[in-house]
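First the proteins, then the strands, lettered A, B, ... as listed; each starts at 1. Just so you know, these numbers use all the heavy atoms, side chains as well, and skip hydrogens, waters and symmetry mates. Note that the structure is predicted; figures quoted are calculated from it, not measured.
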Amino acid sequence: MDLKGARTGHGSVGLESDDLLRMYRCMLLARKVDERSWILNRQGKAAFVISCQGQEAAQVGTAYNLRPGHDYVYPYYRDSGITLLLGQTARGQFLSLLGKKEDPNSAGRQMPGHYSSRELNIVTASAPVGVQYPQATGSALAFKMRGEDGVVLACGGEASTSGGDCHEAMNFAGIHDLPVVFLIENNAYAISVPEKMQVAGSIYKRAEGYGFPGVEVDGNDVLAVYEAARDAFERARRGEGPTLIEARTYRMTAHSSDDDDRRYREREEIEGWRQKDPIIRFEKYLEEAGLLDDESKEEIAASIKDEVDEASEYAEQAPYADPEEAVERVYAEG
Amino acid sequence: MDLKGARTGHGSVGLESDDLLRMYRCMLLARKVDERSWILNRQGKAAFVISCQGQEAAQVGTAYNLRPGHDYVYPYYRDSGITLLLGQTARGQFLSLLGKKEDPNSAGRQMPGHYSSRELNIVTASAPVGVQYPQATGSALAFKMRGEDGVVLACGGEASTSGGDCHEAMNFAGIHDLPVVFLIENNAYAISVPEKMQVAGSIYKRAEGYGFPGVEVDGNDVLAVYEAARDAFERARRGEGPTLIEARTYRMTAHSSDDDDRRYREREEIEGWRQKDPIIRFEKYLEEAGLLDDESKEEIAASIKDEVDEASEYAEQAPYADPEEAVERVYAEG
Amino acid sequence: MTTKNLLQAIGEGLAEEMRSDETVMVLGEDVGRAGGVFRVTQGLMDEFGPFRVMDTPLAESLIAGAAIGLSVNGMRPVAEIQFADFIPPAFDQIVNEAARFHYRSNGAWSCPMTIRVPYGAVPGGALYHSQSVEAWFCNTPGLKVVAPTFPADAKGMIKSAIRDPNPVLFLEHKRTYRLIKEDVPEEDYSVPLGKARVHRGGTDLTVVSYGLMLHTALEVARKISNEYDIEVEVVEPRTLYPLDKETILDSVKKTGKLLVISEANLTGSFSGEIAAIVAREAFEWLDGPVMRLGAPDVPAAAFAKPMLDFFVPSAEKIEAAMLELARY
Amino acid sequence: MTTKNLLQAIGEGLAEEMRSDETVMVLGEDVGRAGGVFRVTQGLMDEFGPFRVMDTPLAESLIAGAAIGLSVNGMRPVAEIQFADFIPPAFDQIVNEAARFHYRSNGAWSCPMTIRVPYGAVPGGALYHSQSVEAWFCNTPGLKVVAPTFPADAKGMIKSAIRDPNPVLFLEHKRTYRLIKEDVPEEDYSVPLGKARVHRGGTDLTVVSYGLMLHTALEVARKISNEYDIEVEVVEPRTLYPLDKETILDSVKKTGKLLVISEANLTGSFSGEIAAIVAREAFEWLDGPVMRLGAPDVPAAAFAKPMLDFFVPSAEKIEAAMLELARY
Ligand SMILES: Cc1ncc(C[n+]2csc(CCOP(=O)(O)OP(=O)(O)O)c2C)c(N)n1
Ligand SMILES: Cc1ncc(C[n+]2csc(CCOP(=O)(O)OP(=O)(O)O)c2C)c(N)n1
Ligand SMILES: [Mg+2]
Ligand SMILES: [Mg+2]
């Protein structure tokens, strides 16, 4: 079947073996944090889970081009692969999952997956789909006005292109050649709605209508994504303007822990995509390249397991914010 | 210079001489109603004028493909060429201009240019730019669901493509192959904002991204517009879906009587476009085709002048709605 | 007659209207194959097909705008906005467009359409799956805003909404979807829009409430009747806009006291309008200040349960307010 | 010190802030070359160039959204929405986004941005160039809504708005742009947000108003002082949300009577909130019903002059309401 490794060679895209192992570890960490989250959900400890599973390559491949705390990032709710790579921690993810006071994103105010970090320039995300795109263009414009080389990454699912905000942002980015990269993680569904009921024509082709490049990439091939994103970020840093990347991938879980996807998709389809699991594919590539063997694989897995164990236990023990905290920090002072 | 006639021959597009003269008369009527409106404005009688001048060919060429009272039309505020062709009258335009009770669009409630006719299936228009597009797709969907052959025309200026509604509508129309034609009358300005600050890339090229045809047409060439629109409507009636037509034209007046365009564009530019006046061009074509001579031209001009005189006088004499009418018909009954 | 919860009652009302009028249709995100994220439209696509039960793209302005276009071309669309929190992109199409077609065309056009809007705080819903959005819409002449709370009312009112020639916003409190069951008639019936309902007679004070808060208020009213012999008259507007002020005023003129309870953050909520009407038109009858209870003025309910519980007015707070006013 | 009208005062405030802080910038439709459809931003593009004074595409959600993104990346944007009537497409970005950045990130992020919004009925403006939109926004914690009426206040408040770390909606009544001139200081000064202003002491009744209605109310107050010896205390909130309720309550506790006047269609308008606060917190001091005067409940002002004049509360109606309440 489709269980092939990455097609792009890492040498050709300028990545060292250290880079590859960092990427691999981050993808696996994101996956394992997510798997544990579902367990906590089934145990009745986590009210709500929304997953990155299947999209780790698209996320890590892209984010590996970012300079944390320098570039601006507007992630969407599945992008834990991105935020972990930038510097958020497994502990932070579980604190957020459980809505604890130390949740780095919102101190328990927002649902899990609504990332935020002032230090990492991860701009506070919300639930309304698509709102991040105009905001991202504004941040990009600020960089451009100040003559800085910062770039902005804005991410969303394929359905986030259906709303007006996405279009308004792409048009504006095109007019001013703004340093922004739009990453569309096309995972074939918006909750139950399949792509063909969501997207007329093709997402990446729309970029041409705005006068900038749009590229389609195998979103399960982390090196292919890395390469496409690298070109896009370089272009942006050179002042040449935006790029739209459509990473074709698949949502391997239900939409969220509130969803039952048996209502609207076949098990076979999911099985088919399991064969293309981006983590397995990358493992295969690394093995073939002689960068990973059974031993090192197990070592990484074990260290991740420890990290996940420690993190989820910490989060379970951590306290909630006081109820009265609900009325604090409505307005900024000063 | 550019004072050439229509490039498309009328024979090749299947129009008879009667058709051409009807089109010509309608274009000229629209122009003359507009010119008179500015006079009424300068006389302090009309509070507000918004013009079709320069866009008559785009409007009449397109609308000539409609079946009044059968197809649905969502015009925008400059489309008096369309509404006159469909069956609105000069008298109606002036009644609306002066906000009189007999104003067929709104009985004096709305600004001039906000067309409406239940009989002609001209759906009540408003000022917020772009809202008509999603509405038009809904009306097209109704036709499709009932298996009827009705089509929907939705019009706007180039800036009406910048808002999200236009995109959401095109995407939806593309998904369901809806029988709708989007006519973008690109007149180079949105009030003061020139096209290059408004539109990234190109409008007509965006259609491809939605999987349906987009065509660019010389909007000052009524026969070329007619032909493009005929193809689009036929396509829609065959159930093959939407078309986007971008008619390139020019706004020959200030944005409205409230605008002073000397703030933002050169007189030379306007002069250049006067040389491409769609009415003069069509006249030239008709003369060359032997369908118009000085005598018939004068006859038409005289009959239009009479019509405009009568209509504006009637409207001036006509009463306002009673002030208390302002509180009627807020909700529909029954 | 069988007992049904709110969710089932609305679904049944929809299905019946679709059966009896083939112009009635449903559109929204996930309303088709999945039957809606709350399962209100479950089974409809199987019965009526993928056009009359249409999954739309994720585009709320399109949903409302297309509903307008459908409604003026012979259809009676029922649009679903998946969560009230996501209605803002449709705001323009609703308040500037649908609500004004009739007025601006001097009566030539109108938009017979319904927009279903699940609202209100639920555990885990957090800032963007919790809001009470009624204040955004209750300053819009031409629009009707209804918010039934009980299943039988809701079934009758969804029918009225669909049959109404005007755009109707149909608010459904998510936390009440499965909260109670009651007898819901099988036969065709409708409950008129624009009429409030008095749930419980009383002489000591009038409470006006709707949604989850109404259930809590009724509970507390029973409790303080038992414990303190204080009789609270509980009025449910059912339609918020235009408001049936007569029923409210009649009640206050009898009890002399008014407490309005809603889940919205208080300042600028629709409770203010109800209070203002009473302070003006029943002033002479008032024996105490016009009181309101609502959520604190923060963006919305938080994710963490303790903060959520602090946000939503509790039975304790409601009891305290009722007692304070009754004893005033 | 020179005399300036409202429009000039705001323009001057903008220019001064742009001179003293290079992160301050202006964006919107026609704000650049054309200097704004009302000429508020005239001359700014020449002085500050096409980036700090940027003509945007016709896309209000983009305007508000881009302002958010600028504000979190070091800038202090002042966005202009050409007419209040066209703010609905930006509703989501304003109420769901800008207003919540601070709260939802537990204080990590905030949006120091200002949105200027010309509002109110003008002759010939009709349904879509006339609306009073304040009610849409005064239920949104995290957002500030200000509506100064007098030039000196406006200049001082646009400066405060720009310097404020929160999103501020800055409402400007179009019909007051050139209505009066007054002395406006040249030196740097600011007028704080959140503080009401008492324009005129009085003992017989309190009037709360803003925008064009405030001017009319002040005129009528002078008139009935002369003609009937009735002394009206006139309070201008200046900031609507969060509201300076103390100043209003203090006044009502003195006069015992309240009349709120705004140009918005009455039901569901922000006047209801003011009335409700007073009916609750100054109940014991009230000597008459809490009254409100507004436009009738119709979509907005009509184009034809007679209907427009019928829509906007007139001096006669205001005088009648004041006299009715004073004599109550
Ligand atoms: C404006 C808006 N409408 C509806 C929703 C409810 N909703 C949440 S996620 C989602 C589907 C999003 O699909 P997609 O963008 O493809 O991302 P995915 O979840 O597939 O990764 C919907 C409809 C929302 N959050 N925001
Ligand atoms: C949503 C919205 N924003 C702003 C305006 C104010 N406005 C009216 S017309 C116009 C320019 C429209 O330009 P275009 O679409 O190119 O049409 P044109 O007037 O050039 O024919 C603007 C900004 C509006 N009517 N609606
Ligand atoms: Mg998806
Ligand atoms: Mg234009």
Any side-chain donor paired with an acceptor under 3.5 Å for A:Ser160 and A:Tyr133? yes

Counting heavy-atom pairs under 4.5 Å to chain C, which of A:Ala47, A:Pro112, A:Ala127 comes out on top? A:Ala127

Pair C:Phe91 and C:Phe137, ring centroids less than 6.0 Å apart: yes

Take atom CD of A:Gln43 as the centre, draw a 6.0 Å sphere, and report whether it contains more than 12 heavy atoms from other residues, nucleotides or ligands. yes

Can you confirm if the NZ or CZ of A:Arg265 lies within 45° of the ring axis of A:Tyr189 and under 6.0 Å from the centre of its six-membered ring? yes

Under 4.5 Å from a heavy atom of chain A, the part of C:Phe311 involved: neither

Please answer whether the main-chain N or O of A:Gly92 pairs with a side-chain N or O of A:Ser96 as donor and acceptor at a distance below 3.5 Å. no

Whatever's closer than 4.5 Å to a heavy atom in chain C on A:Ala159 counts as both

Would you mind telling me which of C:Gly32, C:Pro306, C:Ala126 has the largest number of heavy-atom pairs within less than 4.5 Å of chain A? C:Pro306

In terms of heavy-atom proximity below 4.5 Å to chain A, should C:Pro299 be classed as side chain, backbone, both, or neither? side chain

With a 4.5 Å cut-off on heavy-atom pairs, point out which of A:Ser162, A:Pro323, A:Ser192 contacts chain C the most. A:Pro323

Residues C:Tyr177 and C:Glu172: side-chain donor-acceptor under 3.5 angstrom: yes

So which of A:Gln198, A:Arg329, A:Glu325, A:Met111 has the biggest tally of heavy-atom pairs under 4.5 Å with chain C? A:Met111

Heavy-atom distances under 4.5 Å only: say whether A:Glu328 touches chain C with side chain, backbone, both or neither. neither

Can you tell me which portion of A:Tyr264 sits under 4.5 Å from chain C's heavy atoms? Options are side chain, backbone, both or neither. both

Among A:Asn187, A:Asp34, A:Thr253, exactly one meets side-chain hydrogen bond (donor to acceptor under 3.5 Å, both in side chains) together with A:Gln53. Which residue is that? A:Asp34

Chain C contact via A:Ala107 - which portion, at a heavy-atom distance below 4.5 Å: backbone

With a 4.5 Å cut-off on heavy-atom pairs, point out which of C:Gly125, C:Pro296, C:Ser61, C:Pro89 contacts chain A the most. C:Gly125

Honestly, the part of C:Asp297 sitting under 4.5 Å from a heavy atom of chain A is backbone

Run C:Phe310 and A:Asp322 through side-chain contact (heavy atoms from CB on, under 4.5 Å) and show every step you take. CA-CA 9 Å; C:Phe310 185 80; A:Asp322 289 339; over 6 Å; no

Interface check, chain C: of A:Val330, A:Ile191, A:Asp165, A:Val129, most non-hydrogen pairs under 4.5 Å belong to A:Ile191

Between C:Phe83 and the options C:Phe38, C:Tyr119, C:Tyr128, the ring-ring contact (aromatic ring centres under 6.0 Å, His included) test singles out C:Phe38

